[in-house]
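Step one of this worksheet: look at the structure below.
Quick note: numbers below take in every heavy atom, side chains included, and nothing from hydrogens, waters or symmetry partners. Heads up: numbering here begins at 1 and tracks the sequence.
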Amino acid sequence: MPAENQSSSSGFILQGFSDYPDIQIPLFCLFLLIYLLTLLGNVLILIVIYQTSLLSFPMYFFLCNLALIDLCTSSVSQPKLLSMLLRGDNTISFGGCMTQLHFFFTLACDEIVSLAVMAYDRYVAICNPLRYLIVMNRRVCVMLVITCWMFSLAEPVSHTVLISHLPFCRSQAIDHFFCDPSILLNLSCASTFSVQLLTYVLGSLVGLPAFALTVASYTYIISTILKIHSATGRKKAFSTCTSHLTVVSLFYGATLITYMRPTSQYSSTLSKPFSLLYTALIPLINPFIYTFRNKDFKQQISNKTKIKRSH
């Protein structure tokens, strides 16, 4: 069998955290707890918002979408990681690897665009409150979310196709817990210039406008808040967007540190902790960031609890 076809036929070996054989079970328990709490937190957001009047507000409609993205993001890599830690099942088929890669790109793209949409939503709510429900009406919100998902599913197709046609003859071992695109490019024995160029071009076309919209929205938001004379009014206005700003900072920080560098300078030792941050920890903490600082959400949970107790 030709060397370049070997990985395509037999798949890859995810090394994960095999460097720490003595703590595989403790790591399994830790990541299982993280995954279950992630599922619980994000499903709770979906249920509470869907079953209450909060769904009629654009901010909570977009929060539902973010919770769905976080559920999917954690499920792209976490189940396989848990299987690796518990059963030592480190192999992944070529098709499975490419599928995981595609959804990794899709969900990262969707989160970038969705966070920008949520920033714009906060801008309209704070800077143009009288027209908020007119500008961000239900039809507009639904179309924005559908467009985000359709665009995010389509945009990574070219990446996935190009990477799937590369010959992987250097090694079958991926020193990571999922099919990380940077490591896959390093494993190829052919030129990856076209893939890297496409990544930077499309990444710039998607990421830069989304980042610019987010920064512009918060520039206007902060400017508007500073013009409010009442200290209580300023605090109340700013409290509606601090949760989103925290999530944006965590996501962009982890992504930029991990991937905005040439693949030749890529280090899996540094990548694994940051990858865990945005594939496991951010989906876990997002629900807590949004709900703990949100009086409406806590009030709805309290009301639900009282209703159940009364029955």
Open item on the list: Pairing donors with acceptors under 3.5 angstrom, does anything connect the side chains of S74 and Q78?
Closed with: no
Open item on the list: Tell me the closest heavy-atom pair linking C179 and L101, and the distance in Å.
Closed with: O-CD1, 3.6 Å
Task: Heavy-atom pair of closest approach, residues K272 and D175 - done: NZ-OD1, 3.0 Å
Open item on the list: Below 30° counts as parallel, above 60° as perpendicular, anything between as tilted: where do the rings of Y218 and H244 land?
Closed with: parallel
- [ ] Report the relative orientation of the aromatic rings in F31 and F17; use parallel for angles under 30°, tilted for 30 to 60°, perpendicular for over 60°.
- [x] parallel
Task: Pairwise salt bridge (Lys or Arg N to Asp or Glu O under 4.0 Å) hits with a residue in residues 77-106, at least two apart - done: K80-D89
Can you name the residues that form a side-chain hydrogen bond (donor to acceptor under 3.5 Å, both in side chains) with [X], not counting sequence neighbours?
X	result
Y35	S75
D70	N286
S188	none

For [X], check ring-ring contact (aromatic ring centres under 6.0 Å, His included) against everything at least two apart and list the hits.
X	value
Y20	none
F251	none
F62	none

Open item on the list: Does F211 have more than 12 heavy atoms from other residues, nucleotides or ligands lying within 6.0 Å of its CZ?
Closed with: no
Open item on the list: Measuring centre to centre across the rings, with the benzene-like ring taken for any Trp, is H176 within less than 6.0 Å of F178?
Closed with: yes
TODO: Find the distance between OG1 (T160) and CD (Q100) and round it off to the nearest 0.5 Å.
DONE: 11.5 Å
Once side chain to side chain contact (heavy atoms under 4.5 Å, CB included) is applied, do any residues pair with [X], and if so which ones, sequence neighbours excluded?
X	answer
L32	F28, L36, L82
S18	Q15
S114	N65, I69, D110, C148
L213	A116, Y120, S217

- [ ] If you link ILVMFWY side chains whenever their heavy atoms are less than 4.5 Å apart, which other residues fall into the same cluster as V161? By chain and number, please.
- [x] V157
